[in-house]
Every structure is written in structure tokens, then in C-alpha cells.
Amino acid sequence: MNNGLKITAYAAALAVTFGVAYGVGNGIDPLVAAEARPAPEHGGHGTQQEDAAGAAGPAGGLGVSDGGYTLELQTPEVGAGARTGIRFAVVEDATGRKVTDYQREHGKELHFILASRDLGTYRHLHPVRASDGTWSVPVDLPAAGDYRAFADFTPAAEGARKLVLGADLAVSGDYRPKAFPAARATAVTDGYRVDLGGGLKAGRESDLKLTVSRNGRPVTDLQPYLGAYGHLVALRSGDLAYLHVHPAEGGPGPAVSFAATAPSGGTYRLFLDFRHGGKVHTAAFTVEAGKPDTGRTQSPDSGEHKH
């Protein structure tokens, strides 16, 4: 794909949200869009929006603006295969000023997620903020194509709520589309095996348990990462509706459990970050939601899923 790469726009007409609860052992964290719920110490750093009737509201990450704030991506295009810097800012709509004061969540003021539209490449990054409110982070993206950038944060302003804003990023280069990974129950990353038990069911809460092992033995000494034993981001194929979850109180493995409700049938991509041996590892799964007994998840695949 050349420098004239066009970013594919996806409509976000569906009102989407994930309902998240915390399971036994070690849970995980939520979606964003409106009024924050009380969260456990290591829990929810997203929210769910509902109208007066209790219907789900807009999903997180589908808009560049929300709640009086706008994500300004100052680097709208980068080249594939080269380490480069991305710069962006969060702007307060009412004043036009860059936000410089944030609430800290899990040790960070802002979490920055990059994902290709085909969900084959994924990065969970923690950029650095300059005093003027401009954020910057180095990144290498091996595959050309259309990407979505997510800023996950809470402004420190009084009355501000949890937000996830999304903007399109073009990665130029030789674009080679990849087949979407099949849905199976095991992912392998960096010599670790992660088994996913359970599955997503459209409109119904279901339990998911992620179990980490290495060389055939369960990993029982997962290390805290940003104050938690695991982080999960879920993106819906197509519009990339965003869900971010974290473990609740619990032991350091081998299982990380949570419950979630898929807002609709369809294909979802789950990215689990966990820390062991002093390094952060990412396991990726494809989950199909829509049938009552859907529990199939992703097989090991060759897509890029680095933290």
C-alpha cells in the first residue's frame, strides 16, 4: 500500500457494550462509554453506558470525541517495518486546550492500544506525556494496512468520567491481507501455552478462564504487571468495539477468570497480557459469539501480538 493509503471507515450504528464481572481466583477489567461503576482495587477500568431504560449505550473506542474530549492523532500515517514515533494529544473541546492532568490507573495516566483492522497486529503501549500535553511513543508495526489507535484514560477534571477514544492510523507499505485466525481454545506465545475455557454468548453472561502453562506445567508465579496479574483487551471484528479488563483480587496463576456478556453475535478477538520471567507476553484468541453453546476459541497463529 502506498502513501496515499486510504483508511477504511467502519460504521458504528450498533449500540454495543460488554457486561463484566469478576470471577473466582483472578478476574479482569471493562468497556468504557459512560458513567463509571465502583470497581475493585485491581478491577474495572472501564465503564458501561446505559439509558434510563437500561439499554446499552455506545461502545468504547468507536468515536474520536466523547464526553467533551477529542483524540488528536498528530501522526496519522507511519511506514511499515520501521521503528518510528507516534504523537497525539487529548484536547478539551470547550477550551481547545490539551489535557495535562489525568487520574492514574494501574500506575499509568493513559493506556494506548494499536490494532490493525484485520486484528492480526496488536500493541498495548504506555506513552510519555510532555508538559504541554503532547503524548509520544515509539512503535514498530510490521504489517501495512488500516489501524485503529485507542486512548484509554480518565481526565482529572471534576466530574470527568472514564473514556476510550479511537482514531484511524494508516500504515503504508506492501499490504498483504491475512486470513482471520480460526476460533480454537489454545494460544501459544513465547513458549507459553494459554488455554481458554468457556466462551462468549450473545446477550448472556458466560464465564471465561485463561490458564497459563509452560513446558507442560502450570505457571503459578505470574508477576504483577501494572498492579494486576493479567490484562485483557477485547475487540469486535468489523467496528473494533473496545473492552479492557483486569484481574480482581486473587493469586498469581495459573488461572485468570472473568465473566462477560457479548452484546451481539459475531467474532471477537481477545488479547491477554501477562508477566512472567520479567517479561510481558501476549496471547491472542478468536472467540465466536452467537450460538447458545459457543465456546470455541482461537488456535495458535502467526499474527503479531506483541505488547
Side-chain angles (χ1 to χ4, degrees), residues 16 18 20 26-32 44-46 59-61 106 108 111-126 137 139-143 145 147-152 164 166 169 178 180-190 192-200 208-212 222 225-226 228-247 253 255-258 260 262 266-276 279-289 296-307:
V16 183
F18 278 78
V20 176
N26 317 314
I28 302 186
D29 161 284
L31 182 76
V32 264
H45 101 176
H106 301 279
K108 300 293 181 180
H111 298 260
F112 191 62
I113 308 296
L114 292 175
S116 58
R117 283 284 182 183
D118 63 10
L119 295 177
T121 301
Y122 167 84
R123 299 285 188 272
H124 181 170
L125 306 169
H126 297 108
V137 63
V139 65
D140 58 53
L141 298 172
Y147 283 68
R148 189 72 172 169
F150 301 94
D152 181 339
V164 173
L169 172 72
K178 297 179 180 178
F180 202 83
R184 293 198 183 103
T186 300
V188 174
T189 180
D190 303 330
Y192 295 85
R193 171 178 171 141
V194 183
D195 293 302
L196 177 56
L200 292 176
L208 299 175
K209 179 182 289 186
L210 295 150
T211 303
V212 183
L222 292 174
Y225 174 62
L226 301 175
Y229 286 114
H231 296 245
L232 187 72
V233 169
L235 298 171
R236 185 172 60 183
S237 177
D239 61 3
L240 271 61
Y242 176 99
L243 168 68
H244 196 173
V245 295
H246 288 276
V256 179
S257 301
F258 70 103
T267 303
Y268 296 80
R269 191 77 165 145
L270 310 183
F271 300 95
L272 173 71
D273 292 329
F274 63 94
R275 188 170 184 261
H276 189 253
K279 294 180 62 178
V280 176
H281 311 276
T282 302
F285 296 84
T286 297
V287 176
E288 299 287 349
R296 297 172 305 161
T297 46
Q298 174 229 323
S299 62
D301 62 77
S302 58
E304 293 289 329
H305 312 301
K306 296 181 180 178
H307 185 91

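Numbering starts at 1 and runs along the sequence shown. Values below: all heavy atoms of this structure, side chains included; hydrogens, waters and symmetry mates excluded. Quick caveat, the model's predicted, so the values are computed rather than measured.
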For the side chain to side chain contact (heavy atoms under 4.5 Å, CB included) test, which of T186, T211, V212 pairs with R193?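 For R193, the side chain to side chain contact (heavy atoms under 4.5 Å, CB included) test succeeds with only one of T186, T211, V212, which is T186.
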Is the backbone N or O of [Y] less than 3.5 Å from a side-chain atom of [X], with the two atoms forming a donor-acceptor pair by type?
| X | Y | value |
| --- | --- | --- |
| D190 | Y192 | no |
| S116 | T121 | yes |
| H281 | H276 | yes |
| T286 | P181 | yes |
| R117 | G145 | no |

In Å, rounded to the nearest 0.5 Å, how long is the span from CG of D195 to CZ of F285?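 Rounded to the nearest 0.5 Å, the CG-CZ separation comes out at 7.0 Å.
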If you measure from CZ on F271 to CZ on R123, what distance do you get to the nearest 0.5 Å?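 One finds 10.5 Å between CZ of F271 and CZ of R123.
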Taking ring pair (Phe, Tyr, Trp, His ring centres under 6.0 Å) as the definition, give me every residue that meets it alongside F112, ordered by chain and number, with sequence neighbours left out. F88
Which atom pair, heavy atoms only, marks the closest approach of [X] to [Y]?
| X | Y | result |
| --- | --- | --- |
| F274 | L222 | CD1-CD2, 3.8 Å |
| R148 | G166 | NH2-O, 3.1 Å |
| L235 | L240 | CD2-O, 3.9 Å |
| T189 | T282 | OG1-O, 2.9 Å |

Just wondering, do [Y] and [X] contact through their side chains at under 4.5 Å, heavy atoms?
| X | Y | value |
| --- | --- | --- |
| R275 | L226 | no |
| L270 | L210 | no |
| D273 | Y122 | yes |
| I113 | V164 | no |

Walk me through whether V256 and L232 qualify under side-chain contact (heavy atoms from CB on, under 4.5 Å). CA-CA 10 Å; V256 179; L232 187 72; over 6 Å; no
